Amino acid sequence: MNPLLRNAVVSIQLGILDYGDKDPRRLASAVRNLYAGILLLCKERLRQLSPVGSNDVLIYRQKRPVRDDDGSVHFEGHGKETVSRREIMQTFKELSLNVDLSPLNRLSEIRNSIEHHHLSGTPTRLVQEAIAHSMTIIRAVIVNELGQRPAVLLEQGTWDTILQEASFYDELKKECRSTFARIKWGNQERKEASNILECPECAVALIRNVDDNARHYQELNLACSACGASVDWDETFASALERYLEDTLWFESHMAAREGGDSVVEHCPDCGRETFLTGRRECVYCDFSMKGMSCSICDEPLTVDDYDYDSRGMCSYHQHQFGKDD
């Protein structure tokens, strides 16, 4: 077994051992080890896909060109720093690997919450959530990309614990989701964001609606199933929607920035949240829309910057010209 893969397996096994200890002081270690193990697992797949003689180029952040004896050029991995979570996700996507790495974003949030924030109670539910997200990635990488069986690679006891805890958390999640069954969200983004609502007290994503009469998303009365805290609707939902857009549109945003295109998501001129979709010219949080807003002189569509600048119905160019005439 390659040392990188061995380290991945050991890290995941240690994470489950830390969780099984039930000592609150070791729960943070459980999440850290699971997160690290998954990153190593992904890097192992990138190592396998790196061309022969490239010094495992796909797992290193720095790459340098090397001229071969025949005059051709190839890239080799250089330095000691390996790729980050975002870089791993980008490479997996660009290579069209059969793994959904989006749960890595939530795993990173859980790790940060459990390490750096004061959370109410013992964060057992939060670690169970981490295990549930870990399970989906671990199974996909090992089965779809490494061509192995999780129960064999990780050993049966470790894999059984992962499946058991993930299944328990998923049942709790389904119970919470059922309380939103009759809610009208107004758009798909709000509906999807409701899946990742998290408690501001304990950081667990087990939020439920406690008002059976609610039918519209603004009528919801939220509480945490893990710690029992009441949850402020506006702030919690707006934050979840911003995270959802960041997590689902990060690749498009990265490509737009790299190619000099317009931002995919901008702050809304009306509510101030990072929830204005430039392609649709509308905010998916407050429904503010710039559809039909165009320059009164050249008829070009107005941008968010134009609107923020108090353009008097003009694009930035004609606003500038208007200012010069003053």
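Values in this document were obtained by computation on a predicted structure and should not be read as measured data. No hydrogens, no waters, no symmetry mates; every other heavy atom, side chains included, goes into these values.
One distance of note links CG of L46 with CZ of F92; it measures 5.0 Å at 0.5 Å rounding. Between the CG atom of L58 and the OG1 atom of T91 there is a distance of 6.5 Å, given to the nearest 0.5 Å. From L104, atom CG reaches atom CD1 of I88 across 7.5 Å, with rounding to the nearest 0.5 Å. Separation of atoms CD (E44) and CG (D56) is listed at 9.0 Å; rounding is to 0.5 Å. Rounding to the nearest 0.5 Å places CG of L17 at 7.5 Å from CD of Q13. Separating the CG atom in N55 from the OG atom in S50 is a distance of 9.0 Å, to the nearest 0.5 Å.
Using a distance-only test at 3.5 Å, with no hydrogens or angles considered, no donor-acceptor pair links the side chain of R208 to the main chain of S225. Within the 3.5 Å criterion, the main-chain N or O of D232 finds a donor-acceptor partner in the side chain of T236. At distances below 3.5 Å, at least one donor-acceptor pair connects side-chain atoms of E145 with backbone N or O atoms of N98. Checking side-chain atoms of S178 against main-chain N and O of E175 turns up a donor-acceptor pair under 3.5 Å. In this structure, the side chain of T136 engages the main chain of H133 through a donor-acceptor pair within 3.5 Å. Within the 3.5 Å criterion, the main-chain N or O of A205 finds a donor-acceptor partner in the side chain of E129. Under the 3.5 Å distance criterion, the side-chain polar atoms of N187 are matched with a main-chain donor or acceptor of V284.
Between E155 and T158, the side chains place no donor N or O within less than 3.5 Å of an acceptor N or O (distance only, hydrogens not considered). E76 and H74 share a donor-acceptor pair across their side chains, judged by distance under 3.5 Å alone.
Applying the 6.0 Å contact sphere to CZ of R215 captures more than 12 heavy atoms from other residues, nucleotides or ligands. For R149, the CZ atom is loosely surrounded, since the number of other residues' heavy atoms within 6.0 Å does not exceed 12. Taking a 6.0 Å sphere around CZ of R182, one finds it holds 12 or fewer heavy atoms contributed by other residues, nucleotides or ligands. For K173, the NZ atom counts as densely surrounded, since its 6.0 Å shell holds more than 12 non-hydrogen atoms of other residues, nucleotides or ligands. Annotation: N2, atom CG; neighbour count of heavy atoms from other residues, nucleotides and ligands within 6.0 Å is above 12.
Relative to the ring axis of F75, K63 does not place its NZ or CZ within 45° and under 6.0 Å from the centre.
Using a 4.5 Å heavy-atom threshold, the side chains of R26 and V127 count as separate. Contact check for I196 versus E109: no side-chain heavy atoms found under the 4.5 Å cut-off. For the pair T248/S102, no side-chain contact is recorded, criterion being any heavy-atom separation below 4.5 Å from C-beta on. A 4.5 Å side-chain heavy-atom check between L220 and D211 finds every atom pair outside the cut-off. Between E115 and V31, the closest side-chain pair of non-hydrogen atoms is not below 4.5 Å. Between W185 and E192, every side-chain heavy-atom pair lies at or beyond the 4.5 Å cut-off. For the pair I110/Y35, no side-chain contact is recorded, criterion being any heavy-atom separation below 4.5 Å from C-beta on. Two residues are said to be in side-chain contact when any heavy atoms from C-beta on lie closer than 4.5 Å; F180 and K191 fail this criterion.
Residues E198 and A203 approach most closely at CB-O, 3.9 Å, considering heavy atoms. When all heavy atoms of G37 and S11 are compared, the pair lying nearest together is N-OG, 3.3 Å. Between H267 and G272, the closest heavy-atom pair is CB-O, 4.1 Å. In terms of heavy atoms, L40 sits closest to A8 at CB-CB, 3.5 Å. When all heavy atoms are compared, the tightest approach of T179 to C176 is OG1-O, 2.6 Å. For the pair V204 and I207, the tightest heavy-atom approach, listed with the atom from each and the gap, is O-CD1, 4.3 Å.
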Any chance you could lay out the side chain to side chain contact (heavy atoms under 4.5 Å, CB included) test for L27 and D18, step after step, and finish with the verdict? CA-CA 6 Å; L27 292 178; D18 286 333; over 6 Å; no
Let me see the working for M255 and E252 under side chain to side chain contact (heavy atoms under 4.5 Å, CB included), right down to the final yes or no. CA-CA 5 Å; M255 296 302 294; E252 290 83 352; 5.9 Å; no
Show the numbers, then the answer: is there a side chain to side chain contact (heavy atoms under 4.5 Å, CB included) between T82 and L39? CA-CA 10 Å; T82 56; L39 293 185; over 6 Å; no
Steps toward side chain to side chain contact (heavy atoms under 4.5 Å, CB included) verdict (L206, Y169): CA-CA 9 Å; L206 288 175; Y169 175 83; 3.7 Å; yes
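Criterion: ILVMFWY side-chain heavy atoms under 4.5 Å apart, direct or through other members. Under it, L14 and I114 are not part of a common hydrophobic cluster. V264 and V304 are members of different hydrophobic clusters when ILVMFWY side chains are connected at heavy-atom separations under 4.5 Å. Under the 4.5 Å side-chain heavy-atom criterion for grouping Ile, Leu, Val, Met, Phe, Trp and Tyr, I137 is not connected to V152 through any hydrophobic cluster. I142 and L49 fall within a single hydrophobic cluster, where Ile, Leu, Val, Met, Phe, Trp and Tyr are joined by side-chain heavy atoms under 4.5 Å apart, directly or via other members. Cluster membership check: M89 does not share its hydrophobic cluster with L249, using side-chain heavy-atom separations under 4.5 Å among Ile, Leu, Val, Met, Phe, Trp and Tyr.
For R273, the salt bridge (Lys or Arg N to Asp or Glu O under 4.0 Å) criterion is met by E235, E242, not counting sequence neighbours.
Sorted by first and then second residue, the pairs that involve residues 279-289 and meet salt bridge (charged side-chain N to carboxylate O under 4.0 Å, His left out), not counting sequence neighbours, are E189-R280, R190-D287, R280-E282, E282-K291.
Using a 4.0 Å cut-off between charged side-chain N and carboxylate O, R243 and E246 make no salt bridge.
The aromatic rings of F237 and Y217 sit tilted, their planes meeting at an angle between 30° and 60°.
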